[in-house]
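Following: one structure in structure tokens, then a few remarks.
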Amino acid sequence: MNLYFKPFLFVFIAISLSPSVVNGQVSKSYPASLFPDRVILGFKGNPAFSQAVNWRTDSTVLEAVAAIHEADPSPDFQKNAKLIKAKTQQVEIDGRLVNYHEVDFTDLKPATQYVCRVGNGTQWSEWYHFKTASEKNDPVSFLYFGDAQNDVRSLWSRAIRGAFTTLPKADLIIHAGDLINRANIDYEWGEWFEAGGWINGMIPSLSSPGNHEYYKDANQNGVLSKHWRPQFALPENGPEGLDETAYFVDYQGVRFISLNSQEAINSADVMEKQAKWFEENIKDNPNRWTVVFHHHPIYSTANGRDNAKWREKMEPLYKKYHVDIVLQGHDHTYARGINIPLGQVRKKPDGPIYVVSVSGPKMYELGLENWMDRAASNTQLYQVLDVNHNKLSFKAYTVNGDTYDAFDLVKDQKGQNTLVELSGSLKMQERLNLPEDLQKRFKEADLKEYNERFLKYKQRKSNK
């Protein structure tokens, strides 16, 4: 390298990686520039014929475009790539104006690999490959994450990167809320996008907001993060006022439904409106499988965190319309189970399988409740699900890549599911010890009570 350019290079790096201080915490900052960043795929329409992409630049980029072409092993495709003008939205974040851009590629071919990039015609992202959905009910594979929330760049990164290593051909990714800790802090969203990196540009994401995606306005009303809608490309087929937070997507015989549990828990009217919308959009569901995801659990994994009104409203609908599985977060522990009284056969569930999981490092006390068939404390996990015509296969992995939980749902011709329990064949024992910091904070009576619940849980499992 010519020595003349070395000082210039050093200054550029120092500026682009300069730390920011927020509430006394020093962290890497993520300033927007002419070059596109935070590229993420999503859906606005039918996944067999369309693909949406969203990205960010600084406020000077007013004419953003995306380029697309059928994937080709020769680089010559670039000459004939189609350019599509983006819709641009300007947002003030941390006192600075930034632009978010979105393109919905339409009239695509089903089950076809495409390559796309985004930019302003001069400054471009790299080329990303993605594949459209099939028109048929072909098998679907997807990833599911509970709360990332804290230390996202340093510790949650190993969850999403481990998940991609396990399932690099995933069709989509589900995030069940609390992607970050503080709704409008830009560097936290910067960490989230850095952790996922180019994975976000290759595999579409479906995200549902949690309580940490909300902040209090001047009137102390809960408001959705200023980042949420500008930075995600999500369906707008939900109830009025819940755009891109409650929605559904049909993908190769599976209906994926996101619900906004935060708004529902805060408002009885919103809960009623959302439940009515849910019923209207599931009673004539043409898909064989239904996957629901939202932040707050129907059955909590922790004492004192019960969401009774949410459960009373939604569980009867889940049972009535044969929801197969409900994927949730919020409680910062892991549990999987069904709502069947103790002593009854659990092989033929009359409702969905409920899963609560955590992918980030923030950990809570595990409740060891009766609905649980497999649980984990103080463990970062990610989940891999495979769905074909007759079977849904579920596996939970620790961030080390070890299989922690596994089961199958086998659906007969009448739509009745049979639960095939596979966790008993796993090498890993259940990780049920309290996090170290909780053990230090707990009083003697608290530890005694937890140990009693622990013994009852182990006894119930041994009697199965």
Side-chain angles (χ1 to χ4, degrees), residues 23-25 145-152 154-156 158-159 176-178 181-182 210-212 261-262 265 295-311 328-343 346 354-383 396-400 402 404-405 423-424 426-464:
N23 293 334
Q25 180 177 344
F145 296 97
D147 305 34
Q149 192 168 340
N150 301 88
D151 299 311
V152 173
S154 61
L155 286 170
W156 182 69
R158 63 183 185 152
D178 282 5
N181 191 43
R182 290 168 291 184
N211 51 298
H212 283 268
S261 59
Q262 176 65 17
I265 287 171
H295 185 61
H296 296 79
I298 296 296
Y299 290 94
S300 177
T301 64
N303 291 329
R305 292 176 65 84
D306 187 41
N307 304 300
K309 292 181 179 180
W310 179 235
R311 177 174 60 254
Q328 306 149 112
H330 191 57
D331 283 346
H332 295 266
T333 47
Y334 177 84
R336 181 264 299 178
I338 51 181
N339 177 25
I340 290 181
L342 294 180
R346 302 171 78 81
Y354 293 108
V355 185
V356 178
S357 191
V358 57
S359 57
K362 184 180 182 182
M363 299 294 166
Y364 289 168
E365 175 189 353
L366 179 63
L368 300 172
E369 306 296 333
N370 287 335
W371 66 272
M372 300 175 182
D373 289 323
R374 182 78 168 172
S377 172
N378 198 28
T379 305
Q380 286 181 256
L381 300 123
Y382 59 84
Q383 289 70 222
Y397 293 85
T398 70
V399 289
N400 290 5
D402 298 317
Y404 186 79
D405 190 15
S423 63
L426 300 177
K427 295 180 180 179
M428 284 195 78
Q429 297 296 313
E430 283 186 283
R431 293 170 52 87
L432 302 177
N433 291 333
L434 284 169
E436 186 175 323
D437 64 327
L438 286 182
Q439 292 184 42
K440 292 178 180 178
R441 294 204 309 265
F442 270 28
K443 297 178 181 178
E444 185 176 344
D446 296 325
L447 285 173
K448 181 181 178 181
E449 191 271 339
Y450 182 82
N451 287 330
E452 288 174 352
R453 282 190 283 118
F454 176 90
L455 291 173
K456 287 180 181 179
Y457 178 81
K458 297 295 287 185
Q459 183 64 39
R460 173 168 71 82
K461 298 296 288 292
S462 66
N463 291 337
K464 276 191 170 183

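What you are looking at is a predicted structure, and each value in this text was computed from that prediction instead of being measured.
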Say you draw a straight line from [atom1] of [X] to [atom2] of [Y]; how long is it, rounded to the nearest 0.5 Å?
{"X": "Leu381", "Y": "Tyr404", "atom1": "CG", "atom2": "OH", "value": "7.5 Å"}
{"X": "Gln380", "Y": "Asp147", "atom1": "CD", "atom2": "CG", "value": "11.5 Å"}
{"X": "Asn451", "Y": "Lys458", "atom1": "CG", "atom2": "NZ", "value": "13.0 Å"}
{"X": "Asp402", "Y": "Leu426", "atom1": "CG", "atom2": "CG", "value": "10.5 Å"}
{"X": "Thr301", "Y": "Leu368", "atom1": "OG1", "atom2": "CG", "value": "9.5 Å"}
{"X": "Thr379", "Y": "Arg431", "atom1": "OG1", "atom2": "CZ", "value": "3.5 Å"}

Note, Leu434 side chain near Glu365 side chain (heavy atom, < 4.5 Å) =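 Counting from C-beta outward, Leu434 and Glu365 do come under 4.5 Å.
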Would you mind reporting whether Tyr334 and Asp405 have side-chain heavy atoms less than 4.5 Å apart?
->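 Result yes, sub-4.5 Å side-chain heavy-atom pair found.
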Tell me the closest heavy-atom pair linking [X] and [Y], and the distance in Å.
{"X": "Pro435", "Y": "Met363", "answer": "CG-CB, 3.8 Å"}
{"X": "His296", "Y": "Trp310", "answer": "O-NE1, 3.2 Å"}
{"X": "Asp373", "Y": "Arg346", "answer": "OD1-NE, 2.8 Å"}
{"X": "Val356", "Y": "Gly329", "answer": "CG1-O, 3.5 Å"}
{"X": "Leu366", "Y": "Tyr450", "answer": "O-CE1, 3.1 Å"}

side-chain contact (heavy atoms from CB on, under 4.5 Å) partners for [X], two or more places apart:
{"X": "Ala308", "result": "Asp306, Arg311, Glu312"}
{"X": "Asn433", "result": "none"}
{"X": "Glu369", "result": "Asn303, Trp371, Met372"}

Does the pair Arg374 and Ser423 meet the rule for a side chain to side chain donor-acceptor pair (under 3.5 Å), with working shown?
-> CA-CA 8 Å; Arg374 182 78 168 172; Ser423 63; 5.0 Å; no
Residues in side chain to side chain donor-acceptor pair (under 3.5 Å) contact with [X], at least two apart in sequence or another chain:
{"X": "Thr398", "value": "none"}
{"X": "Asn211", "value": "His295, His330"}
{"X": "Gln149", "value": "Asn181, His212, His332"}
{"X": "Glu436", "value": "Lys440"}

Would you confirm whether Ser359, through its side chain, and Gly146, through its main-chain N or O, come within 3.5 Å as a donor-acceptor pair?
->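 Yes, the answer is positive, given that a donor and an acceptor are paired below the 3.5 Å cut-off.
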Please identify each residue that fulfils salt bridge (charged side-chain N to carboxylate O under 4.0 Å, His left out) with [X], with sequence neighbours left out.
{"X": "Glu449", "result": "Arg453"}
{"X": "Asp331", "result": "Arg305"}
{"X": "Asp446", "result": "none"}

On the 0 to 90° scale, with breaks at 30° and 60°, tag the Trp156-Phe145 ring pair as parallel, tilted or perpendicular.
-> perpendicular
All ring-ring contact (aromatic ring centres under 6.0 Å, His included) counterparts of Tyr354, not counting sequence neighbours =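 Only Tyr299 meet the ring-ring contact (aromatic ring centres under 6.0 Å, His included) criterion with Tyr354.
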If a pair satisfies salt bridge (charged side-chain N to carboxylate O under 4.0 Å, His left out) and one of its residues is in residues 295-304, list it, with sequence neighbours excluded.
-> none
